[in-house]
*Asks:* 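Supplied in structure tokens, the structure appears directly below.
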There are 2 protein chains.
Amino acid sequence: MAHTLDHIDTQILAMLQNNSNRTTKSIADELGMTTSPIFERIKKLEKEGYIKKYVAVLDNKKIGLKLTVFIGITLQGHTRSYLEKFVKEINNFPEIVECHRVSGNFDYLLKLVVEDIEAYETFIISKLTLLPYLGNVQSLITLSTGKETNEIDLSRV
Amino acid sequence: MAHTLDHIDTQILAMLQNNSNRTTKSIADELGMTTSPIFERIKKLEKEGYIKKYVAVLDNKKIGLKLTVFIGITLQGHTRSYLEKFVKEINNFPEIVECHRVSGNFDYLLKLVVEDIEAYETFIISKLTLLPYLGNVQSLITLSTGKETNEIDLSRV
DNA sequence: TCTATTTTAAGAATATAATTCTGTTTAATT
DNA sequence: AATTAAACAGAATTATATTCTTAAAATAGA
């Protein structure tokens, strides 16, 4: 059974989503508690799925992936089996980091991270446009990024 | 001075961006090395900025933020000072997790995470549309998400 | 309100992993 | 070939995670 998050849980989550390498001691100190309850709460949050995983966030640009592109796509056919196939194909492309089925002016919104404009063009030509039933495709090339985070504001939950 | 990443560095990064709680021992074992060089390499990768931070990835839905929306925006004025002001305002909204300046059919692409449709509407009405010089605003409501990750494929770098 | 039950926390003890240190090997440079 | 710098192995140390036991607080039922 799922329990509800109290204020302490929320604070722990807020800290860990900002820096997951913090020691339980430092969290405990900040909350005026000892390590054991903090430790147990964290384990519970992991076990119950509030915390999905712990990851290192890399600097894409530094690693050589300098370009982020969003691609809006409409499909010509909308059968269930085809949609599933489409998503499956998309997931196999290593450039793609996000794939959302959306309502609005597109059927899908993709986010991809690539080396540069050439790599983007290669993706479009030799991968994306090979998929069947492709309708309208519209790209938004990122010029600069003002904010990009995973961190969600927990003051409102 | 920046050094280039060798294959060992790349493998370490790949492991840590998948699970940053792995022990240096387990990484060392997988790479057939001992803990000291792994430890030193990780510290170097942190220091030189290849690793930006370590974070806990939360389950947004479980926490009560069930809706992801992308918003494409065009502005009516494009003076530099206004663009900066716009980005600054946007960054203050806790709902926004991403804000990209883009080229294409929009000036900006926002990604936001909110409780539900009502919260989304509230954001639009009482926050977004209060900003001056706003032109076209187009929302893409996420119906389902096939893939959503930070993890980039390092086999190509 | 009292008692039983469950939950939560504290504090000490232990296990595990991170970090440091020293000496050796390997690779690069001249 | 000699010299220097970088990278690694292995042991030693330190810090942190994890476990355990007991006490306090909260909750539910009579």
Side-chain angles (χ1 to χ4, degrees), chain A residues 1-59 61-64 150-152 154-157, chain B residues 1-59 61-64 150-152 154-157:
Chain A
M1 56 151 280
H3 76 118
T4 55
L5 299 175
D6 65 15
H7 188 52
I8 296 173
D9 292 322
T10 301
Q11 284 176 295
I12 292 173
L13 289 176
M15 293 182 206
L16 289 180
Q17 79 172 157
N18 178 259
N19 173 15
S20 62
N21 275 4
R22 284 191 67 164
T23 62
T24 58
K25 178 79 165 58
S26 91
I27 295 173
D29 287 348
E30 186 166 331
L31 298 180
M33 297 171 73
T34 57
T35 64
S36 353
I38 301 299
F39 177 79
E40 283 163 9
R41 279 169 180 267
I42 291 173
K43 288 302 153 194
K44 197 167 186 176
L45 291 168
E46 292 168 0
K47 191 177 178 186
E48 296 186 355
Y50 291 99
I51 296 172
K52 290 202 285 190
K53 61 191 320 202
Y54 296 96
V55 305
V57 178
L58 308 187
D59 186 327
K61 285 190 184 167
K62 211 150 180 184
I63 287 167
N150 241 339
E151 199 172 341
I152 59 179
L154 293 176
S155 63
R156 13 172 197 153
V157 304
Chain B
M1 55 150 282
H3 75 117
T4 54
L5 300 175
D6 67 14
H7 188 52
I8 296 173
D9 291 323
T10 301
Q11 284 176 295
I12 292 173
L13 289 175
M15 293 182 207
L16 289 179
Q17 79 172 156
N18 178 260
N19 174 14
S20 62
N21 275 4
R22 285 191 65 165
T23 63
T24 58
K25 179 76 165 59
S26 91
I27 295 173
D29 287 348
E30 187 166 329
L31 298 180
M33 297 171 73
T34 56
T35 64
S36 351
I38 301 298
F39 177 79
E40 284 163 9
R41 279 169 179 267
I42 292 173
K43 288 302 154 195
K44 196 167 186 176
L45 291 168
E46 292 168 359
K47 190 177 179 186
E48 296 186 354
Y50 291 99
I51 297 172
K52 290 201 284 190
K53 61 192 318 202
Y54 297 95
V55 305
V57 178
L58 308 187
D59 187 327
K61 286 190 183 165
K62 213 153 178 182
I63 287 167
N150 241 339
E151 200 173 340
I152 58 179
L154 293 176
S155 63
R156 14 172 196 152
V157 304

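Residue numbering restarts at 1 for every chain, and letters A, B, ... go by the order of the sequence lines. Source: prediction; values computed, not measured.
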*Asks:* Hey, does the side chain of A:D9 reach the backbone of A:D6 with a donor-acceptor pair shorter than 3.5 angstrom?
*Replies:*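 The answer is yes, because a donor-acceptor pair under 3.5 Å joins these two groups.
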
*Asks:* For the atom pair NZ (B:K62) and CD (A:E48), what is the distance rounded to the nearest 0.5 Å?
*Replies:*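 The NZ atom of B:K62 sits 6.0 Å away from the CD atom of A:E48.
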
*Asks:* With a 4.5 Å limit on heavy-atom distance, are the side chains of A:L5 and A:L13 in contact?
*Replies:*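 Yes, at least one pair of side-chain atoms sits under 4.5 Å.
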
*Asks:* Report the distance from atom CD1 of A:I42 to atom P of C:dT8, rounded to the nearest whole Å.
*Replies:*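 Going from CD1 in A:I42 over to P in C:dT8 covers 15 Å.
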
*Asks:* More than 12 heavy atoms of other residues, nucleotides or ligands under 6.0 Å from NZ of B:K25: is that the case?
*Replies:*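 At most 12 heavy atoms, drawn from other residues, nucleotides or ligands, come within 6.0 Å of this atom.
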
*Asks:* Would you indicate whether the side-chain heavy atoms of B:L154 and A:L58 approach each other to under 4.5 Å?
*Replies:*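 In contact.
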
*Asks:* Between A:E40 and A:K43, is there a side-chain N and carboxylate O pair less than 4.0 Å apart?
*Replies:*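 Judged by the 4.0 Å cut-off on N to carboxylate O distance, A:E40 and A:K43 do not form a salt bridge.
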
*Asks:* In whole angstroms, how far is the C1' atom of C:dA9 from the CD1 atom of A:I38?
*Replies:*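 Going from A:I38 (CD1) to C:dA9 (C1'), I get 10 Å.
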
*Asks:* Indicate yes or no for a side-chain donor-acceptor contact from A:K53 to the backbone of B:N19 under 3.5 Å, with no hydrogens or angles considered.
*Replies:*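 Not a single qualifying donor-acceptor pair exists.
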
*Asks:* In whole Å, what is the span from the CG atom of B:D29 to the P atom of D:dG10?
*Replies:*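 It works out to 12 Å between those atoms.
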
*Asks:* Output the rounded distance in Å from CD1 (B:I8) to P (C:dA27).
*Replies:*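 Those two atoms, CD1 and P, are 12 Å apart.
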
*Asks:* Taking atom C1' of C:dT8 as reference, at what distance in whole Å does atom CD1 of A:I12 sit?
*Replies:*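 For the pair A:I12 CD1 and C:dT8 C1', the rounded distance is 12 Å.
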
*Asks:* For the residue pair B:N18 and B:E151, establish whether any side-chain heavy-atom pair is separated by less than 4.5 Å.
*Replies:*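 Result yes, sub-4.5 Å side-chain heavy-atom pair found.
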
*Asks:* What's touching nucleotides 17-20 of chain D from the protein side, N or O pairs under 3.5 Å?
*Replies:*
residue: D:dA17; atom: OP2; partner: A:T24; partner atom: N; Å: 3.1
residue: D:dA17; atom: OP2; partner: A:T24; partner atom: OG1; Å: 3.0

*Asks:* Once you round to the nearest 0.5 Å, how far does NE2 of B:H7 lie from CG of B:L31?
*Replies:*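 The NE2 atom of B:H7 sits 8.5 Å away from the CG atom of B:L31.
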
*Asks:* Which of these nucleotides, C:dG11, D:dC8, D:dA9, is closest to any side-chain atom of B:R41?
*Replies:*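 The nucleotide sitting nearest to the side chain is D:dC8.
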
*Asks:* Grab the NZ-C1' distance between A:K44 and C:dT6 for me, whole Å please.
*Replies:*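 Going from NZ in A:K44 over to C1' in C:dT6 covers 11 Å.
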
*Asks:* For A:D9 and C:dT7, what is the distance between atoms CG and C1' respectively, to the nearest whole Å?
*Replies:*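 To the nearest whole Å, that distance equals 13 Å.
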
*Asks:* Polar atoms only, N or O, under 3.5 Å: list the protein pairs with nucleotides 12-14 of chain D and their distances.
*Replies:*
none

